[in-house]
Amino acid sequence: MKEYFMDLHIHLGRTASGRPVKITASNKLTLEAVLEEARFRKGLDMVGVIDCQVPEVLIGLRNSLATGEVLELPDGGIRIGDLTLILGAEIEIYDENCQGMIHALCYMKTVEKMVEFSNWLSKRMKNVTLSTQRVYENAVEIQREVKRLDGLFIPAHVFTPFKSLYGKGVKQSLTEVFEPELIDAVELGLSADTSMAERLEELGEYAFLSNSDAHSVGKIAREYQRVMMLEPSFEELRLALKEEGGRGVIANYGLSPQLGKYFTTVCEKCFSPSLQGMEHCQICGHKRFVKGVSDRIEELVDDKETKRHRPPYIHQVPLDFIPGVGPKTLVKLRGVFGTEMGILHEASFEELVEVVGEKVAGLIVAARNGKLVFNAGGGGRFGRISEER
């Protein structure tokens, strides 16, 4: 067994020919750019790219396999150097049982399985060349198709206020929309962590994932996990999510929920924090609010005793969130420590001081040890790190 770093939710902004995929993602975020960043700067072992249903992406992967540029592993996944690519598709679900739209992640073992899934989606989707499109099909039928193809089905960022399972997708329970046994794990999202999510008894069956949902190269691995597996392959990932044979997620790394964009309930207009039950904003008088993840979880919680042992969720701040760590400083740090995983997990305080000085080194170590102070985010705005400790 070996430990691997993994981020399973990365978007594509453009195809190799320049066609748009995720409209809100960076134009520079191509598959080639994702793989280069993950291998040489982030230091990840496995990445999930969740726009692989796009036909041009699949054609490119087929060509790369045919020329031997990349290798498809016997247990699934594509090997590029020392990095494994897991093929995924993010979809939008809104059937007769949904209260609001729900995003879900569907992963396939091989290129040909993803081709099958892409063809299936194209008959139920207006534009399969774009990311996160609505599938005009019942949610359970989508789950069954993923399972027929031997794939993995994971609800995405399940607590965010918009387009998520608990945000607006269901009133109270995932059983309103999904078959529980056809879910392989749940993704927490940037405004929730394990201590918040484990308060919902119905989530006790599933592994928790912390992924970046990256829309630009720099945001890759802002959240990730350390996973114990025999090798970084699709089938080993499946077994890890089931926690079989000593495999499993052994640590989640992510933002403190207070740094997430939707932690607190805020005024929709001026973003001022609001208390539950307010009829209008005390600052600007606006009458609509964006409900924060923390308040939504309080509505859902059953507070029954948690039976499942969970790995630690480490509130590790991405380097580019830390005051004083700009692009030039990141280049300096990578020049000494190799990758961001090396900076975040291996560099000592004394080694960091030699590169960035005591103040920034102190903030990096404080982030590593969970000792930073945060100003909470909400309504679509990220929280901020306070330099006071």
Side-chain angles (χ1 to χ4, degrees), residues 4-14 24-49 80-83 190 210-226 251-256 258-261 314-375 377 381-387 389:
Y4 299 95
F5 291 118
M6 176 178 77
D7 177 0
L8 290 179
H9 190 150
I10 302 170
H11 281 284
L12 299 179
R14 291 291 188 271
T24 56
S26 166
N27 293 346
K28 298 178 181 179
L29 196 59
T30 62
L31 181 58
E32 182 180 16
V34 169
L35 299 176
E36 181 180 340
E37 181 76 10
R39 287 181 68 191
F40 301 118
R41 287 182 280 280
K42 299 299 182 181
L44 293 170
D45 302 296
M46 178 182 282
V47 292
V49 174
I80 306 101
D82 52 1
L83 178 72
L190 301 183
S210 46
N211 297 315
S212 68
D213 195 356
H215 285 50
S216 64
V217 171
K219 298 303 182 186
I220 295 171
R222 64 178 164 182
E223 296 204 346
Y224 57 98
Q225 43 266 306
R226 191 195 299 256
N252 294 94
Y253 299 91
L255 300 173
S256 164
Q258 290 181 306
L259 281 176
K261 293 195 290 185
I314 298 166
H315 293 151
Q316 185 169 272
V317 179
L319 289 169
D320 62 357
F321 267 64
I322 296 174
V325 181
K328 291 182 179 179
T329 302
L330 266 177
V331 170
K332 286 173 61 178
L333 286 164
R334 288 184 188 130
V336 175
F337 303 110
T339 66
E340 291 188 22
M341 295 300 111
I343 299 164
L344 290 166
H345 294 280
E346 297 171 12
S348 68
F349 173 72
E350 291 76 18
E351 290 171 328
L352 289 167
V353 167
E354 291 182 11
V355 181
V356 294
E358 286 194 14
K359 182 177 180 180
V360 175
L363 288 171
I364 293 173
V365 172
R368 181 186 297 170
N369 296 329
K371 294 183 178 179
L372 288 177
V373 177
F374 307 108
N375 299 317
R381 292 186 176 183
F382 283 110
R384 294 183 178 274
I385 294 170
S386 170
E387 294 191 42
R389 286 181 283 144

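Every value quoted in this text rests on a predicted model; they were computed, and no experiment measured them.
- With sequence neighbours excluded, no residue forms a side chain to side chain donor-acceptor pair (under 3.5 Å) with E32.
- For the residue pair F349 and G362, the shortest heavy atom distance occurs at CE1-N, 3.7 Å.
- The minimum heavy-atom distance linking K28 with A33 is given by the pair O-CB, 3.3 Å.
- Taking the side chain as every heavy atom from C-beta outward, N211 and Q225 approach each other to under 4.5 Å.
- Counting only heavy atoms from C-beta outward, the side chains of L352 and V365 approach each other to under 4.5 Å.
- Nearest heavy atom pair, residue F40 against residue T339, reads O-CG2, 3.8 Å.
- Remark: R41 pairs with E36, E37 by the side chain to side chain donor-acceptor pair (under 3.5 Å) rule, at least two apart or across chains.
- Distance check, rounded to the nearest 0.5 Å: CD1 of I10 to CD1 of I220 gives 4.5 Å.
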Can you give the donor-acceptor pairs under 3.5 Å from side chains of residues 322-336 to other protein atoms, not counting sequence neighbours?
from: T329; atom 1: OG1; to: G324; atom 2: O; distance (Å): 3.4
from: K332; atom 1: NZ; to: V355; atom 2: O; distance (Å): 3.3
from: R334; atom 1: NH2; to: E340; atom 2: OE2; distance (Å): 2.6

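- Residues passing the ring pair (Phe, Tyr, Trp, His ring centres under 6.0 Å) test with H11 are H9, H215, sequence neighbours excluded.
- In this structure, E354 CD and S348 OG are separated by 8.0 Å, a value rounded to the nearest 0.5 Å.
- For the atom pair L12 CG and S26 OG, the distance stands at 11.0 Å (nearest 0.5 Å).
- Among residues two or more places apart in sequence or in another chain, the side chain to side chain contact (heavy atoms under 4.5 Å, CB included) test is passed with R226 by E3, F5, I250, A251, Y253, H345.
- Counting heavy atoms from C-beta outward, D45 and D82 have side chains that stay 4.5 Å or more apart.
- For E346, there are no side chain to side chain donor-acceptor pair (under 3.5 Å) partners two or more places apart in sequence or in a different chain.
- From Q316, atom CD reaches atom CG of L344 across 4.5 Å, with rounding to the nearest 0.5 Å.
- A 4.5 Å side-chain heavy-atom check between V47 and K42 finds every atom pair outside the cut-off.
- Put simply, CG on N252 and CD1 on I314 are 8.5 Å apart, with the number rounded to the nearest 0.5 Å.
- One N or O on the side chain of R222 and one on the backbone of S212 form a donor-acceptor pair closer than 3.5 Å.
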